[in-house]
Amino acid sequence: EEYFSKGKKSLKLFFEQWKQEKPQARSLEYRFNLRIKDEEVVTLKGSIDRIDEVPGGLKLIDYKTGNPKTALDTDDKFQLLIYQMAVEEVLKEKVVTLSFYYLDNGQKISFLGSEKDLEKTREKVVKIIGEIREGEFPPKPGFLCKYCDFCQICEFRG
């Protein structure tokens, strides 16, 4: 019941903001295939929660639950930077804003990836692909351990 109540509150807040802003949504749950060239071509598949048309280009929005962040670090931005790369390479359109929208309180945090940010993101993706190919999966104990299917038997659990 607590989650149901919280969900109703989030939906009401979202609807009130929507009535005031009336965004021009182009796409919801836009599925993409982004080709990344490394030693061979790898395709990243993903889904962008919402793409809006705004003056000068497109705004990409990812909905989040939980406590909003006051500042974003490089790891926080990674997902939306991949989305920016995908839209610019697949749709061949300019992205002018990337936004996380926190459903619990209606807060938005926005930014835009620079060419340098996008290049670093591409390098990180290529590095991760290489680690996967090499079978490198070192343990990273922490907060997410409690959600892991192997937490009861893992010697590294957090």
Side-chain angles (χ1 to χ4, degrees), residues 1-38 40-132 140 142-149:
E1 285 191 32
E2 182 181 335
Y3 284 112
F4 181 76
S5 176
K6 192 174 181 181
K8 281 176 47 175
K9 181 181 170 192
S10 294
L11 284 172
K12 285 178 184 177
L13 177 63
F14 180 85
F15 183 67
E16 289 303 316
Q17 287 182 339
W18 177 85
K19 283 193 319 188
Q20 292 178 10
E21 295 175 11
K22 300 242 175 136
Q24 296 298 310
R26 174 193 275 192
S27 183
L28 300 174
E29 294 296 326
Y30 175 76
R31 297 192 186 287
F32 65 85
N33 295 317
L34 174 64
R35 296 172 59 116
I36 301 287
K37 293 180 183 177
D38 183 21
E40 58 189 74
V41 176
V42 174
T43 302
L44 290 182
K45 296 181 179 192
S47 179
I48 301 169
D49 289 344
R50 191 171 104 204
I51 301 175
D52 287 353
E53 292 183 10
V54 295
L58 300 176
K59 177 179 183 177
L60 311 183
I61 300 159
D62 188 65
Y63 294 106
K64 296 290 184 195
T65 56
N67 295 325
K69 299 200 174 200
T70 54
L72 300 173
D73 63 24
T74 305
D75 288 338
D76 295 325
K77 294 178 179 181
F78 186 62
Q79 174 186 6
L80 282 176
L81 289 170
I82 290 173
Y83 293 174
Q84 181 179 347
M85 288 178 4
V87 167
E88 290 178 351
E89 292 181 28
V90 175
L91 294 179
K92 308 273 190 249
E93 294 196 53
K94 183 178 179 182
V95 174
V96 295
T97 307
L98 304 171
S99 294
F100 286 115
Y101 180 95
Y102 292 90
L103 293 166
D104 291 350
N105 70 356
Q107 182 179 338
K108 295 177 198 167
I109 297 180
S110 300
F111 65 98
L112 181 64
S114 66
E115 286 302 317
K116 185 177 178 182
D117 293 330
L118 296 176
E119 184 56 36
K120 285 183 178 181
T121 300
R122 183 175 301 281
E123 289 170 4
K124 183 175 179 178
V125 168
V126 168
K127 180 179 181 250
I128 292 168
I129 290 168
E131 290 171 351
I132 291 169
K140 297 179 182 175
F143 172 76
L144 295 176
C145 288
K146 65 183 174 184
Y147 300 108
C148 178
D149 292 336

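Note that the structure is a prediction, hence the values are computed from the model and not measured.
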Open item on the list: Please find the pair of heavy atoms, one from Trp18 and one from Pro23, that lie closest to each other, and give the distance.
Closed with: CD1-CD, 3.4 Å
Open item on the list: Is it the case that over 12 heavy atoms from other parts of the model lie below 6.0 angstrom from the CG atom of Asn67?
Closed with: no
Open item on the list: Quick check for you: to the nearest 0.5 Å, what is the distance between Asp73 atom CG and Lys69 atom NZ?
Closed with: 6.0 Å
Open item on the list: Between Asp104 and Thr65 (side chain of the first, backbone of the second, donor and acceptor by atom type, cut-off under 3.5 Å), is there such a pair?
Closed with: no
Open item on the list: Quick check: closest heavy atoms across Leu72 and Ile109, and the distance to 0.1 Å?
Closed with: CD1-CG2, 3.4 Å
TODO: Measure across Thr121 and Leu81 and return the closest heavy-atom pair with its distance rounded to 0.1 Å.
DONE: OG1-CD1, 3.3 Å
Open item on the list: So, taking the atom named CG in Leu60 and the one named CZ in Arg50, what distance separates them when rounded to the nearest 0.5 Å?
Closed with: 11.0 Å
- [ ] Please indicate whether Gln24 has more than 12 foreign heavy atoms, meaning atoms of other residues, nucleotides or ligands, lying under 6.0 Å from its CD.
- [x] no
- [ ] Drop me the distance from Thr97's OG1 to Leu58's CG, to the nearest 0.5 angstrom.
- [x] 9.5 Å
Open item on the list: Looking at every non-hydrogen atom in both residues, tell me the closest pair between Val125 and Ile82 and how far apart they are.
Closed with: CG2-CD1, 4.1 Å
- [ ] Using a cut-off of 6.0 Å, state whether more than 12 heavy atoms not belonging to Lys120 lie near its atom NZ.
- [x] no
Open item on the list: Check for me whether the distance between the ring centres of Tyr83 and Tyr30 falls short of 6.0 Å.
Closed with: no
Open item on the list: Can you see whether Glu88 engages Gln84 through a side-chain donor-acceptor pair at a distance of less than 3.5 angstrom?
Closed with: yes
Open item on the list: Salt bridge or not between Glu16 and Lys19? Use side-chain N to carboxylate O under 4.0 Å.
Closed with: yes
Task: Audit row: Glu89, Ile36, side-chain contact (heavy atoms from CB on, under 4.5 Å) steps and yes/no - done: CA-CA 10 Å; Glu89 292 181 28; Ile36 301 287; 5.8 Å; no
TODO: Hey, could you give me the CD/CD distance between Gln107 and Gln17, rounded to the nearest 0.5 Å?
DONE: 10.0 Å
- [ ] Please work out which of the three classes, parallel, tilted or perpendicular, describes the rings of Tyr102 and Phe100, given edges at 30° and 60°.
- [x] tilted
TODO: Measure the spacing between CZ of Phe78 and CD1 of Ile128 and express it to the nearest 0.5 Å.
DONE: 4.0 Å
Open item on the list: Between Glu131 and Lys127, is the salt bridge (Lys or Arg N to Asp or Glu O under 4.0 Å) condition met? List the steps.
Closed with: CA-CA 6 Å; Glu131 290 171 351; Lys127 180 179 181 250; 3.3 Å; yes
Open item on the list: Any salt bridge linking Glu2 with Lys6? Criterion: basic side-chain nitrogen under 4.0 Å from a carboxylate oxygen.
Closed with: no
Task: Check: Ser10 side chain, Leu103 main-chain N or O, donor-acceptor pair, under 3.5 Å - done: yes
Open item on the list: As a quick check of understanding, evaluate side-chain contact (heavy atoms from CB on, under 4.5 Å) for Glu29 and Asp49, giving each step before the final call.
Closed with: CA-CA 4 Å; Glu29 294 296 326; Asp49 289 344; 3.4 Å; yes
- [ ] First locate atom NZ of Lys64, then atom CG of Asp76, and finally report the distance between them rounded to the nearest 0.5 Å.
- [x] 9.0 Å
Task: Stepwise side-chain contact (heavy atoms from CB on, under 4.5 Å) check, Thr43 with Arg35 - done: CA-CA 4 Å; Thr43 302; Arg35 296 172 59 116; 4.0 Å; yes
TODO: Search all heavy atoms of Ser47 against all heavy atoms of Phe32 and return the closest pair with its distance.
DONE: N-CE2, 3.7 Å
Open item on the list: Using a strict threshold of under 4.0 Å (side-chain N to carboxylate O), is an ion pair present between Asp117 and Lys77?
Closed with: no
